Amino acid sequence: MSSKKGYCKIKRIWSDSEEPAKELHRQYEVLEKLVQDIYEEECSEYMEMVEPQNKALFDEWTSDPAPINYYRTNLIERVGPIPELEIKEFKTPESGKKMKISWLKPDRDWSGVVHKKEAVPTGRIEIGKKYPPMMHWIPITQSIETKDQLRLTHMPFFENEKKDNELYEKFAGLFPDGIHGFAKNWKYINDYLLYKVMRQTLESGYTGNVDVLYYTFYRLWPNKFSQRQYSEIFPKLCARYAEKGFEWQSLEWWKAKNLMHPDNLKLSMFLEKAADHIQNPTCFACLEYLCPVHGLRLQIAPETPGGDIAEVYLPLPGNPTQSTVDCIDCWKMLDPEEILAELTPDDVEIQEHRVKIYLDRGKLVEMKISDGSMIGTLYTCDESGQSFCDFAHEALHGKTDDNDKIRTCRDAYKLIMGLAEYITDRRIQMGQSQPLRPYRDRFNTFRNIQLRNHQKALQKRANLEGKTLQKVKKEEEREFKRKHGRSFNENVLISSTKPYVPCRHEGTCKDDPDCSCQENGICTHLCKCDVNCPQRFPGCVCAPGACRNGRCPCFRANWECNPNTCKNCNCESIDGTSDEVICGNFPISRSVQKLLYVAPSKISGNGLFLMEDVEKDDFIVEYVGEKISESEVERRGAIYDEFKCSYIYGLETGGGIDAFKVGNVSRFANNNSVDPTLYAKTKIVNGEHRIGFYAVDALKAHTE
């Protein structure tokens, strides 16, 4: 179905029918007339409804003296009556009603004569040198994911005197939902009117193509929403304006029916991730609570330290452990027969006056704090050897909330006794964490898998290009040396160009064909698979300070060291003491950048300068901004090309980082291909591809 200039073509969003364009156009023309008729009726009712409110506001502005019109009142008091400022009556063209209006004037009348001149003494400030202009931008510390902008909100202003119409054809093909402002709305519309018209149209029994329905609203009011936005807006409008109990699904039944639609799949995935986020609000990528950067994407907990099943001992009546506190409502006041019947200890446990029980950490996480989840969790971690009375008094210290059900030592004992579960030996074995295999075994297994995967990829490339395997290997070695400045090394081969998506299954990844790690063939510490999974990146065992050379597996693989996988290099410390050496391969994850400042550049505009001396290959700063998709890079790049200035830096995983609107000081680093002082390197940080700038050579302070 064709469209006029300023309008987009009809898009298939909800309908799967293959109707010809001529039939779709016929449905559009019929529906357009219906929507216009409904609008006229609803608009008339709306205007009658808001007329008293509009009249009250108008009277407030036009009353004499006007309580709001301070400018008009103060001006008359200073300079006297002004004919142009008098309230005059006029007849509205539509209704013919007489209304009053006051023409608010500044300090000049219609002929340009100044009413009154007032001389105000002012001081003069020397501004010094005029600095280069700077675009407005929002500072951030880490890149943020941004949705694709499918509709251009306005045509940017270009100083090269290019006409908007000349650029429309170029940009219109890049933005699927069109460009705002190139077509006029049919008549006035607001959210309430849109809700009434859409509801009446849906209730009229429309049976045609559902995409034509949304396209009709778009053609009538193109500056309100795009066709895609119209197809999503009705439930939101119902939430604001519909009566209580109204179900929008009864009218937009195709949305509830088409459960496999991409929008519905996205919603279900969002809700699933949101549930994980609510249960465990700690981000395991950057270890922050309610992380604003990763949002709901990386809220996948690793294995519970120590396993899901906690093995603890609970004292039995006659236990000789003495308490150091006076216990008034003590657990020893419980009926011994009741305790023995509940816990069923064997003869050995009865003689030792303690019984081994198992607590499920997963259930403790799901419990409310008022129901005793914190008491149970503390007991799983208690290794002090103190009496149960001492533990209970310590854990319950300061408990004064009326909602708390656990208040005394006896309550705490009954709680833990009730949480004890009968668990089979197999369940205990599965629920407890498995010991890590020796590092050398894990490293060799991981390396062999990567070598096999790399060999398969090279063979596939050789077959596609019609070359020998040996020739493809030599080409790869040359390309590797050109990009990384060092010889090819097969100790760790990681050349992933896809984002790392943590897996969520039990066992090893090779046993699950649907594992999200299969695409890259690598698991990270964020995955929930077995800790000894052959695909899991093993990290390093380097000595502190020895991770910035080719002998470190993490450094060779362009991964930053992580405390979850690297146990010896001291990468969990940020500031080393005088006698402590820290890891040198973790600056991006800890944001340990150099001191920098922005000043006028000799290359172009503003530039980025060092405030301290740096050594060769030192990390300077991370390039951060909006993380955008490949198609969004193309759209924004077309606009930036007209400005002849781009802040987009491409990623190996596709897409790029755009620091035009949000970023840090790294956005001021100018491109100098003749004598560069920095080079960029993509590093894997907590499973993400991130860009760091590093010093080409040793640099002095105040170097650009």
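Since this is a predicted model, take the numbers as computed values, not measurements.
The aromatic rings of F225 and Y230 sit perpendicular, their planes meeting at an angle over 60°, well past the 30° parallel limit. A parallel orientation is assigned to the rings of F660 and F643, their planes being inclined by less than 30° (bins at 30° and 60°).
With contacts defined as side-chain heavy-atom distances shorter than 4.5 Å, the pair K594/V621 does not qualify. Between V614 and Y694 there is no side-chain heavy-atom pair separated by less than 4.5 Å. Using a 4.5 Å cut-off on side-chain heavy atoms (C-beta onward), E704 and L608 make no contact. Using a 4.5 Å heavy-atom threshold, the side chains of K644 and D641 count as separate. Y647 places a side-chain heavy atom less than 4.5 Å from the side chain of R667. Q249 is not listed as a side-chain neighbour of K255, based on a closest heavy-atom distance of 4.5 Å or more. Residues K627 and Q142 fail the side-chain proximity criterion, which asks for heavy atoms closer than 4.5 Å. Counting heavy atoms from C-beta on, the side chains of L202 and L213 come closer than 4.5 Å.
Between S226 and Y218 the shortest heavy-atom distance is CA-CD1, 3.9 Å. Among all heavy-atom pairs drawn from V633 and G655, the shortest one is CG2-C, 3.7 Å. Smallest separation of non-hydrogen atoms from K473 and L458: CG-CD1, 3.7 Å. Taking all atoms of both residues into account, the shortest heavy-atom contact from S143 to Y623 is OG-O, 4.0 Å. Nearest heavy-atom pair, F234 versus M198, reported as atom, atom and distance to 0.1 Å: CD1-CB, 4.0 Å. When all heavy atoms are compared, the tightest approach of P235 to E232 is CD-O, 3.5 Å.
For the atom pair CD (Q227) and CZ (R151), the distance works out to 11.5 Å, reported to the nearest 0.5 Å. To the nearest 0.5 Å, atoms CZ (R690) and CG (N558) are separated by 14.5 Å. Here the CD1-CH2 distance, from I13 to W254, works out to 12.0 Å after rounding to the nearest 0.5 Å. In this structure, OG in S646 is found 10.5 Å from CZ in R636, a value given to the nearest 0.5 Å. Distance check: R219 CZ to N185 CG gives 12.5 Å after rounding to the nearest 0.5 Å. Within the model, atoms CD1 of I648 and CD of E626 stand 9.5 Å from one another, a figure rounded to the nearest 0.5 Å.
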Audit row: Q27, E19, side-chain hydrogen bond (donor to acceptor under 3.5 Å, both in side chains) steps and yes/no: CA-CA 11 Å; Q27 293 181 22; E19 297 171 279; 2.9 Å; yes

Stepwise side chain to side chain contact (heavy atoms under 4.5 Å, CB included) check, Q200 with E203: CA-CA 5 Å; Q200 287 290 338; E203 289 176 345; 4.3 Å; yes

Derivation and outcome, salt bridge (charged side-chain N to carboxylate O under 4.0 Å, His left out), residues K683 and E622: CA-CA 10 Å; K683 301 278 279 189; E622 180 189 2; over 6 Å; no

Residues R635, Q149; criterion side chain to side chain contact (heavy atoms under 4.5 Å, CB included); working and verdict: CA-CA 9 Å; R635 284 189 286 269; Q149 183 183 349; 5.5 Å; no

Side chain to side chain contact (heavy atoms under 4.5 Å, CB included) evaluation trace for I38 with E42: CA-CA 6 Å; I38 293 174; E42 293 294 339; 4.1 Å; yes

Candidate pair S589 and E560, rule side-chain hydrogen bond (donor to acceptor under 3.5 Å, both in side chains), full reasoning: CA-CA 8 Å; S589 55; E560 282 207 347; 3.0 Å; yes

Salt bridge (charged side-chain N to carboxylate O under 4.0 Å, His left out) between K187 and E40, intermediate numbers included: CA-CA 10 Å; K187 284 190 177 181; E40 296 293 353; 2.6 Å; yes

Derivation and outcome, salt bridge (charged side-chain N to carboxylate O under 4.0 Å, His left out), residues R12 and E18: CA-CA 10 Å; R12 184 184 299 173; E18 297 289 346; 3.1 Å; yes

H154 and H180: CA distance, side-chain angles, deciding distance, side chain to side chain contact (heavy atoms under 4.5 Å, CB included) verdict: CA-CA 5 Å; H154 63 283; H180 180 277; 5.6 Å; no

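Evaluated for a ring-ring contact (aromatic ring centres under 6.0 Å, His included) with Y241, the options F246, W248, Y195 yield exactly one hit, Y195. Checked options N686, N585, V685, T524; the residue passing with W559 is T524 (criterion: side-chain contact (heavy atoms from CB on, under 4.5 Å)). Partner of L610 under the side-chain contact (heavy atoms from CB on, under 4.5 Å) criterion, chosen from L595, I620, T677: I620.
Listed for the D148 side chain is no donor-acceptor partner under 3.5 Å among the backbone atoms of E632. Looking only at distances, no side-chain donor or acceptor of S231 sits under 3.5 Å from a matching main-chain atom of W14. A donor-acceptor contact shorter than 3.5 Å is absent between the side chain of T703 and the backbone of L699.
A donor atom on one side chain and an acceptor atom on the other are found under 3.5 Å apart for N670 and S601. Looking only at atom types and distance, the side chain of S15 has no donor-acceptor partner in the side chain of D211 under 3.5 Å away. No side-chain donor-acceptor contact under 3.5 Å links K224 and N190. Using modelled atom types and a 3.5 Å distance limit, the side chains of D658 and Y640 yield a donor-acceptor pair. Using modelled atom types, one finds no donor on one side chain facing an acceptor on the other under 3.5 Å when comparing T141 with N664.
Within a 6.0 Å sphere centred on NZ of K236, heavy atoms belonging to other residues, nucleotides or ligands number 12 at most. Around atom CD of E247, no more than 12 heavy atoms belonging to other residues, nucleotides or ligands sit under 6.0 Å away.
Salt bridge annotation for K471-E465: absent, with no cationic side-chain nitrogen under 4.0 angstrom from a carboxylate oxygen.
Aromatic ring centres of Y215 and Y28: separated by under 6.0 Å. You'll find the ring centres of W186 and F217 outside the 6.0 Å limit. A centroid separation of less than 6.0 Å is found between the aromatic rings of Y39 and W221.
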